[in-house]
Amino acid sequence: MAAETDSDALRNVALLGHGGSGKTTLADAMSYISGAVSRRGSVTEGTAHTDFTPEEREHGMSIELGLARLPWMDARINLLDTPGYQDFWGEAHAGARVADGAVIVVDAASGVDVGTERGWELCDEHGLPRLVFVTGMDRDNASFEEAFDQINGALDDGAIPVEVPIGAGSEYRGIVNLFSERAHFYREESDTGEYDEGEIPDELTDGAHEYHRELIETIATTDDELLEAYLEGDDLPREQVLDALSGAMLRGELFPVFCGSGESGWGVRALMKKVVELLPSPVETAPHLAEGPGGDYVELGGTDGDPLAALAFKVTSEAHAGELSFLRIFSGSLENGETVYNPGRQATERMTHLSVVDGEERTEVDRLHAGDIGVAARLKDTHAGDTLCRRETPVILEGVDWPDPDISVAVRPASRAQEDKLATGLSALHETDPTFRSEYDAELGQTIARGLGELHLTVCLERLERKFGVDVITEQPRVPYRETITQRAEGKARHKKQSGGRGQFGDCAIRLAPRPRGSGYEFLDSIKGGSIPSKFIPAVDQGIQEAAEDGVLAGYPVVDFQVELVDGSHHSVDSSEQAFKIAGSKAFKKVAQDARPVLLEPVMDVEVKTPDEYMGDVIGDLNGRRGRVLGIDTDGHWQVVRAQVPQAELYRYSAALRSITHGAGAHTRSFHAYEQVPHDVAQQIIDGREERREAS
């Protein structure tokens with residue numbers, strides 16, 4: 001059994017930043033230096049402490065949210081190592097939801113990237129106090145000054161250095177602690193970030209003193225009592241300064257900036273110390289809001305004595321353990337073996353094999369205290385985003401705001417024998433990754449898989465093959481085209497059949513007219529004098545609607561038209577509902593050809609967010625996709641391009657946009673309307689449909 005940790009000694013900290021910025025390397029260094037692991041891992045070698053799934057080892061990147069459990073000082077840090085690439089951003093959303101604070105990791109060579117900004121925005125959404133660690137100071141082209149300028153300009157001008165480096169790149173050898181105004185010179189032979197303290201090098205003295213003055217003055221301005229003492233020239237106690245800084249961080253006013261190297265471990269000790277000293281415990285972030293039985297919101301405390309409220313924020317599956325549900329205990333405590341209630345699904349769950357997680361290892365515990373993060377095995381009805389509580393005090397916590405998928409592909413099994421396994425596997429993938437979604441589209445006749453990017457879908461399909469033995473073939477999703485008419489036309493058709501016994505007779509005349517786009521189908525009964533008995537008129541309507549579903553140009557449903565039944569005739573013996581249904585179908589197919597039918601395509605409202613330097617290329621690409629640019633807005637230093645683009649032209653657009661903007665761009669899309677397809681494009685679609693019909 002693992003040692004339990006009291007709530008006030010916990011620190012739940014998310015590592016956020018751009019993909020490749022060094023988050024997992026930093027997590028490894030923190031784990032090793034804290035003594036949680038006995039050896040350093042490596043992302044490139046596939047031995048990183050928090051990257052251990054087969055997909056992560058194969059691709060050499062973080063794909064899932066990883067957890068590390070680090071003892072440091074008198075506290076325990078629950079470190080949530082999040083992926084930085086947009087394809088796996090759902091895991092970052094889950095990590096931010098259950099954290100109480102964050103470390104934003106910035107590469108000293110590349111500075112602030114789009115993933116850095118997204119991580120910062122996540123912290124803003126969840127109100128997370130955060131500090132910044134500029135890593136890779138020992139790499140070529142490293143520049144703390146440039147990185148800090150970008151942090152201050154692109155993220156928040158409340159960023160403030162608490163350390164400055166001594167040298168950079170191959171000359172990097174230590175930092176100046178701006179609180180103590182002492183230099184820390186790192187021991188080259190140490191792999192745990194140990195250092196010797198000394199005087200600030202002469203060439204840095206003036207700058208360091210100025211940085212120190214700005215640091216203390218900035219912190220003092222956030223606290224009236226501290227400011228008064230500062231203005232009177234009093235010495236400010238270290239603890240009081242740290243308390244004021246911590247309070248300013250909780251209010252989102254200040255963001256201390258550190259520097260070092262996750263690769264060498266330099267600067268990691270100071271970072272972990274400040275994580276414990278400056279970031280809040282779960283007790284300090286309480287109370288938490290939850291929805292009560294009547295729909296009203298209630299406040300929950302952050303102690304063991306408060307009502308239980310635990311959020312399942314992640315579900316994984318292991319071959320021997322089955323499903324594992326990751327839980328953050330926001331209020332109350334949870335004991336191994338007890339039965340709890342899932343109010344969202346009105347189900348009970350028994351807590352079995354309650355454990356805490358450190359990388360790939362799980363250690364069973366008797367109890368999870370308020371604020372802690374742990375795992376329960378084999379829950380039957382609990383899914384990611386669900387709340388667990390006690391039946392007598394039912395509450396529902398806010399779930400995880402997973403991002404919507406923005407790319408889709410059609411999938412089918414390589415053999416018919418795998419069809420059932422495909423359906424089972426796709427469902428299981430969504431259970432463990434809510435940003436992956438799939439459904440069978442009956443109109444298109446395809447199973448559509450959706451994800452956050454091409455790499456995301458690739459990884460999901462790799463899991464499908466590895467875990468469920470399903471080999472899939474991917475295809476471009478078909479486009480749900482429509483047809484309509486553009487002018488009025490009228491005519492008649494008769495269905496007559498006599499082959500011994502009772503015959504069939506139905507005769508009707510109809511008039512077609514176009515309707516406004518999106519207004520649908522309308523049937524008018526203008527029969528006078530009983531030329532068609534009223535009991536047969538619904539059959540004519542039904543025959544027309546069924547014929548319209550099969551189209552008149554390329555087999556796509558006909559929409560937005562009016563049918564007026566104006567005349568007809570019947571036979572007292574041979575007329576029937578079936579005969580008039582067939583007559584209605586024939587009449588529609590005949591008259592629609594004279595009503596100048598056209599092909600319609602779905603057009604999407606698209607918003608593209610891009611840095612200014614790529615805007616021209618983005619607009620050019622949208623124009624090349626038959627898009628119409630409607631306008632351009634400014635959002636900070638981003639440009640937001642609003643456009644309308646045919647759905648057929650947006651296949652793999654996410655990948656193209658990322659290529660154009662070097663990974664910085666993102667887009668959202670939503671359905672706008674159906675619009676007429678240009679003649680040359682329509683003819684290609686019609687010809688392609690005919691070719692597929694002949695081939696089948």
Side-chain angles (χ1 to χ4, degrees), residues 104 106-112 131-188 193-223 226-246 248-249 253-261 264 266-271 273-274 277-278:
I104 303 292
V106 177
D107 188 302
S110 58
V112 171
L131 48 83
V132 182
F133 187 71
V134 178
T135 190
M137 283 302 307
D138 50 359
R139 293 177 56 191
D140 291 341
N141 302 317
S143 172
F144 178 81
E145 292 77 13
E146 289 183 16
F148 177 74
D149 286 345
Q150 291 181 32
I151 293 164
N152 202 262
L155 301 180
D156 198 292
D157 60 7
I160 181 169
V162 295
E163 296 175 349
V164 292
I166 301 173
S170 60
E171 302 298 317
Y172 178 61
R173 57 197 178 100
I175 60 101
V176 175
N177 183 318
L178 297 178
F179 281 112
S180 65
E181 293 190 279
R182 298 283 289 172
H184 296 174
F185 298 100
Y186 296 116
R187 301 174 186 172
E188 291 191 12
E194 295 176 323
Y195 59 88
D196 295 311
E197 190 172 311
E199 297 295 328
I200 300 172
D202 291 342
E203 68 273 16
L204 298 178
T205 301
D206 291 344
H209 288 328
E210 180 61 21
Y211 270 125
H212 169 78
R213 185 193 64 76
E214 290 179 3
L215 173 66
I216 300 303
E217 183 177 294
T218 301
I219 295 173
T221 59
T222 67
D223 182 280
L226 206 61
L227 180 60
E228 184 177 348
Y230 175 77
L231 293 175
E232 290 177 358
D234 297 341
D235 289 334
L236 304 182
R238 179 180 183 277
E239 290 301 319
Q240 193 174 353
V241 172
L242 288 178
D243 285 346
L245 177 56
S246 179
M249 291 169 64
E253 297 173 2
L254 294 180
F255 311 97
V257 181
F258 299 78
C259 62
S261 168
S264 65
W266 291 357
V268 174
R269 288 176 172 270
L271 174 67
K273 181 178 181 181
K274 287 301 182 286
E277 291 181 332
L278 296 176

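FYI, side chains are in, hydrogens and waters are out, and symmetry mates aren't considered; it's all heavy atoms of this structure.
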### Glu188/Arg173 salt bridge by N-O under 4.0 Å criterion
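Judged by the 4.0 Å cut-off on N to carboxylate O distance, Arg173 and Glu188 do not form a salt bridge.
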
### Query
Taking NZ, NE, NH1 and NH2 as the nitrogens, is one of them in Glu163 or Lys274 under 4.0 Å from a carboxylate oxygen of the other?
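Judged by the 4.0 Å cut-off on N to carboxylate O distance, Glu163 and Lys274 do not form a salt bridge.
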
Locate the shortest heavy-atom distance separating [X] from [Y]; write the atom from each residue and the value.
| X | Y | value |
| --- | --- | --- |
| Val112 | Ala154 | CG1-CB, 4.2 Å |
| Phe144 | Pro161 | CZ-CB, 4.3 Å |
| Ala168 | Ala142 | CB-O, 3.7 Å |
| Leu204 | Pro165 | CD1-O, 4.1 Å |
| Asp223 | Ala244 | CB-CB, 4.1 Å |
| Thr205 | Ile200 | OG1-O, 3.8 Å |

### Task
Using the side-chain contact (heavy atoms from CB on, under 4.5 Å) rule, take Ile104 and Val106 through it: C-alpha gap first, then chi angles, then the decisive distance, then the call.
CA-CA 6 Å; Ile104 303 292; Val106 177; 4.3 Å; yes

### Message
Walk me through whether Phe148 and Asn152 qualify under side-chain contact (heavy atoms from CB on, under 4.5 Å).
### Response
CA-CA 6 Å; Phe148 177 74; Asn152 202 262; 3.8 Å; yes

Distance, nearest 0.5 Å, that separates [atom1] of [X] from [atom2] of [Y]:
| X | Y | atom1 | atom2 | value |
| --- | --- | --- | --- | --- |
| Leu236 | Ile216 | CG | CD1 | 6.5 Å |
| Ser264 | Arg187 | OG | CZ | 14.5 Å |
| Ile219 | Leu245 | CD1 | CG | 4.5 Å |
| Asp156 | Ile160 | CG | CD1 | 12.0 Å |
| Lys273 | Leu278 | NZ | CG | 10.5 Å |
| Arg213 | His209 | CZ | NE2 | 12.5 Å |

With heavy-atom distances below 4.5 Å as the criterion, would you say the side chains of [X] and [Y] are in contact?
| X | Y | result |
| --- | --- | --- |
| Pro201 | Ile166 | yes |
| Pro256 | Met249 | yes |
| Phe258 | Phe133 | yes |
| Arg182 | Val176 | no |

[X] atom [atom1], over 12 foreign heavy atoms within 6.0 Å:
| X | atom1 | answer |
| --- | --- | --- |
| Asp234 | CG | yes |
| Glu181 | CD | yes |
| Asp196 | CG | yes |
| Asn141 | CG | no |
| Tyr230 | OH | yes |

Counting N and O atoms only, with roles assigned by atom type, does the side chain of [X] sit under 3.5 Å from a partner on the main chain of [Y], one being a donor and the other an acceptor?
| X | Y | result |
| --- | --- | --- |
| Thr222 | Thr218 | no |
| Asn177 | Ser180 | yes |
| His212 | Leu178 | yes |

### Query
Between the side chains of Tyr186 and Glu194, does any donor sit under 3.5 Å from an acceptor?
no

### Task
Take Val134 and Asp107, measure what side-chain contact (heavy atoms from CB on, under 4.5 Å) needs, and give me the verdict at the end.
CA-CA 6 Å; Val134 178; Asp107 188 302; over 6 Å; no

### Task
Step by step, work out the side-chain contact (heavy atoms from CB on, under 4.5 Å) result for Ile175 and Cys259.
CA-CA 8 Å; Ile175 60 101; Cys259 62; 3.6 Å; yes

